Every structure is written in C-alpha cells, then in structure tokens.
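We count residues from 1, following the sequence as given. Just so it is clear, the model here is predicted, and its values are computed rather than measured.
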Amino acid sequence: MTNNDDVQKISRRKTLKAFASFFALLGGGAAGLQWLASQPLDGGIRGGIPQPLRQALDQNEKIFRPLYSPEHLVQEYPKSAAAAEPRVNGDVGLDEATFDAATWQLNVLKKNGNQVSFSLADLKKLPKVEVVHNFKCIEGWSQISWWGGARLADFLAHYGLHEEAQMNHLGLMTPDEGYYVGIDMPSALHPQTLLCYELNGQPLPPAHGYPLRLIIPVKYGVKSLKRIGTMYFDNERLPDYWTERGYDYYIGL
Ligand SMILES: Nc1nc2c(c(=O)[nH]1)N[C@H]1C(S)=C(S)[C@@H](COP(=O)(O)O)O[C@H]1N2
Ligand SMILES: [Mo]
C-alpha cells in the first residue's frame, strides 16, 4: 500500500515527465522546423521549396501514379451537362494588348534544334475530338466543360514529331512567355489530351485561350495552359509556373 505522500510523489514525477517529454517534443518540432528551413531549396525549374518537402511530394507521386495510368480514361458526360458559360480562371500570359491573333502560330522546337510552325488550319486537318469532362481547379472548384480539338498524340504522330514524343517531358509556353507548364509525356500522350480550339462547339473565347490551348483532363486545371505559343521537349522536367510556386509538378487527378 502506498500512502498519500507516495501517491503525490509519483504523480508529481509523472507530471514532470510529461512536461519533460512535452518540451522535448516541442524542442524537437522547433529544431525540425529550423532544420527544414535550413535545407537547400529545390530551386530552378522544380520550384523553391525545401528539398525534403519536394522528396515527400515525389514519394506521393510514386504511390499515386499507377492510379492514373494513361490507359485509364477520365469520365465523360453528355454535352447537355456542360456549363453554358464556363468560368474563367487565371490570365497569366494572356496580355491582350500585346497579342496579335493575325500572326499567331504554334511554334515547335524540335529535338534537333530546328523550329517548325503550324497554323490553326494545320491543327484542324487532324480528326476533331470532343471531350466533355469535369474540369477541376486546385483552388477547389470544378465544372463540366465541353472542349474540341486535335489529340496532342495525333498532332505529334501526323507531323512526324516521333523523336520528340519519345522524350520524357513536354513543355508549353504562352506567346508572351508569361505562363508555362511542364508535363510528363505519358500524360501528354493520353487519348483525352487535346490541343483545343473549341469550347461548347465555338472557337475558344480569348479569356479561355484563343486560338489554341491545352486540355489535359488527367491533370488539375493549372496544366491546361491557355494560348499556346511554343511547344518543346526534354528528358528532364521542364519549367512550370505553379511548380515554381510550390505546387506538385505531376499534379494528376
Ligand atoms: N495562360 C494561362 N493558362 C492558364 C492559367 C493562366 O493563368 N494562364 N491558369 C490555369 C488555371 S489555374 C486554370 S484552373 C485554368 C482555367 O481555365 P479556364 O479559364 O478556361 O476555366 O486555366 C489554366 N491555364
Ligand atoms: Mo486552377
């Protein structure tokens, strides 16, 4: 039997221990945060976030990537379900004052260093594919939207960009170079990924990326770059506007 004094002593010791471990944890947490802050930034094209966080994102990517394999089609809806006046989000790289639709062309930087250019008519020669999907923005909204255009995979195949299609990443940039995305090639070649020139059966409105935008339903909206100016390729990850601001590069759905 323990008397009252003993009980008090024991509980005081327990309290002390609890405090000690609490402060140890707190100290550990603070030290951990300090450590994280002192880690080199994962700079350059992969964005300025500490490397350990980037490593965690890369780890997530390994786990979730098989869930959105290119063979897996994103759900489609009837055209009647599509928003009549789709919301506009993001206008980086869409400065209308400096943009000249009359001289626009899609520039493609080939692997051999040459540049080839395409008109909208060149894109319309390819089979028109329509996709009605639930467009999702990372900011927390989504809407069913109806797009029309050429499959990116068809474009690369038809215009002899075979070596390019075998590279690991595709990059797109607006004509003014203000917005740019990097995309892993399997997602770029996905059958629902479009070089898109129509919304609701009409030419793309300027705010939605006239004359040509990307629609990539296997990714969040950030990757669906509006107003493509230049397309390029690399075996390494390519510059990405939102990855540089801390978002995941892969950002698949
Ligand atoms: N050029 C350009 N493309 C862009 C953006 C942007 O700011 N500039 N924002 C992206 C984001 S975050 C989203 S959600 C979609 C929105 O497309 P919408 O305006 O056609 O709905 O465009 C993407 N493409
Ligand atoms: Mo978005």
Side-chain angles (χ1 to χ4, degrees), residues 68 70-79 82 86 93-94 99 101-111 114-135 144-175 179-234 238 252-253:
Y68 23 77
E71 289 78 49
H72 179 87
L73 288 183
V74 168
Q75 187 181 352
E76 298 224 21
Y77 299 82
K79 285 173 184 169
L94 298 182
F99 178 65
T103 58
W104 174 89
Q105 51 185 16
L106 169 62
N107 300 314
V108 178
L109 306 180
K110 294 184 68 174
K111 196 183 169 196
N114 292 345
Q115 182 181 308
V116 275
S117 298
F118 300 88
S119 65
L120 205 51
D122 294 328
L123 282 143
K124 290 183 176 170
K125 284 176 197 153
L126 298 164
K128 185 163 104 182
V129 175
E130 294 183 288
V131 171
V132 185
H133 74 118
N134 194 11
F135 188 102
I144 295 173
S145 343
W146 163 24
W147 310 100
R151 281 199 180 102
L152 181 58
D154 288 352
F155 170 77
L156 297 178
H158 181 81
Y159 288 111
L161 299 162
H162 305 296
E163 279 186 77
E164 286 73 17
Q166 276 163 26
M167 300 187 81
N168 294 337
H169 294 267
L170 170 122
L172 298 172
M173 195 176 254
T174 55
Y179 195 79
Y180 38 91
V181 294
I183 293 168
D184 59 283
M185 195 59 77
S187 300
L189 298 179
H190 187 279
Q192 289 165 306
T193 300
L194 303 182
L195 290 173
C196 163
Y197 48 79
E198 279 182 11
L199 169 61
N200 288 341
Q202 301 293 319
L204 276 180
H208 289 288
Y210 179 85
L212 188 73
R213 75 176 296 171
L214 185 74
I215 285 295
I216 182 159
V218 294
K219 305 279 186 192
Y220 275 101
V222 285
K223 296 284 186 184
S224 285
L225 178 137
K226 297 188 275 191
R227 189 167 296 152
I228 307 170
T230 311
M231 181 186 294
Y232 36 91
F233 309 85
D234 207 294
L238 283 159
L253 282 167

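Between Lys223 and Asp184 there is no salt bridge, since no side-chain nitrogen of the basic residue lies less than 4.0 Å from a carboxylate oxygen of the acidic one.
The two atoms that bring Tyr197 and Gly149 nearest to each other are CE2-CA, 3.5 Å, heavy atoms only. The two residues Trp146 and Ala82 make their nearest non-hydrogen contact at CB-CB, 3.7 Å. Nearest heavy atom pair, residue Leu238 against residue Gly171, reads CD1-N, 3.3 Å. Nearest heavy atom pair, residue Leu204 against residue Pro211, reads CD1-O, 4.0 Å. Of all non-hydrogen atoms in Asp154 and Leu126, the two that sit nearest each other are O-CD2, 4.1 Å. Smallest separation of non-hydrogen atoms from Ile183 and Ser187: CG2-CB, 4.2 Å.
Between Val74 and Val131 the shortest side-chain heavy-atom distance does not fall below 4.5 Å. Here the side chains of Met231 and Glu164 are not in contact, with every heavy-atom distance at 4.5 Å or above. The closest side-chain heavy-atom distance from Lys125 to Tyr159 is below 4.5 Å. The side-chain heavy atoms of His190 and Leu73, taken from C-beta on, include a pair separated by under 4.5 Å. Here the side chains of Phe155 and Asp122 are not in contact, with every heavy-atom distance at 4.5 Å or above. Contact of the Met185 side chain with the Leu170 side chain is registered, since non-hydrogen atoms from C-beta on lie closer than 4.5 Å.
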_Step-by-step side-chain contact (heavy atoms from CB on, under 4.5 Å) determination, Arg213 to Ser224_ = CA-CA 7 Å; Arg213 75 176 296 171; Ser224 285; 3.7 Å; yes
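Note on ring orientation: taking the six-membered ring where Trp is involved, the planes of Trp147 and His133 are tilted (angle from 30° to 60°).
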Below 3.5 Å, can you tabulate the donor-acceptor pairs from side chains in residues 104-111 to any protein atom, sequence neighbours excluded?
{"unit_1": "Trp104", "atom_1": "NE1", "unit_2": "Ile228", "atom_2": "O", "d": "2.9"}
{"unit_1": "Gln105", "atom_1": "NE2", "unit_2": "Asn107", "atom_2": "OD1", "d": "3.4"}
{"unit_1": "Gln105", "atom_1": "NE2", "unit_2": "Ser117", "atom_2": "OG", "d": "3.4"}
{"unit_1": "Asn107", "atom_1": "OD1", "unit_2": "Gln115", "atom_2": "NE2", "d": "3.3"}
{"unit_1": "Asn107", "atom_1": "OD1", "unit_2": "Ser117", "atom_2": "OG", "d": "2.8"}

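Side chain of His158 to main chain of Leu123: no donor-acceptor pair is present (N/O by atom type, distance under 3.5 Å, no hydrogens or angles). Remark: side-chain polar atoms of Glu76 are paired, donor with acceptor, to backbone N or O of Val132 under 3.5 angstrom. At distances below 3.5 Å, at least one donor-acceptor pair connects side-chain atoms of Arg151 with backbone N or O atoms of Pro191. Judged by distance alone, with hydrogens and angles left aside, the side-chain atoms of Thr174 form a donor-acceptor pair with the main-chain N or O of Tyr179 at under 3.5 Å. Remark: side-chain polar atoms of Arg227 are not paired, donor with acceptor, to backbone N or O of Gly93 under 3.5 angstrom. With hydrogens and angles disregarded, no donor-acceptor distance shorter than 3.5 Å links the side chain of Ser145 to the backbone of Leu199.
Taken from SG in Cys196 to CG in Leu225, the straight-line distance is 12.0 Å, to the nearest 0.5 Å. For the atom pair OH of Tyr210 and CZ of Phe99, the computed distance is 7.5 Å after rounding to the nearest 0.5 Å. Of the inter-residue distances, the one linking Lys124 atom NZ with Leu195 atom CG reads 13.0 Å to the nearest 0.5 angstrom. In this structure, CG on Leu172 lies 9.0 Å from CD1 on Ile216, to the nearest 0.5 angstrom. Distance check: Glu163 CD to Leu156 CG gives 12.5 Å after rounding to the nearest 0.5 Å. Taken from CG in Leu253 to NE2 in His72, the straight-line distance is 10.0 Å, to the nearest 0.5 Å.
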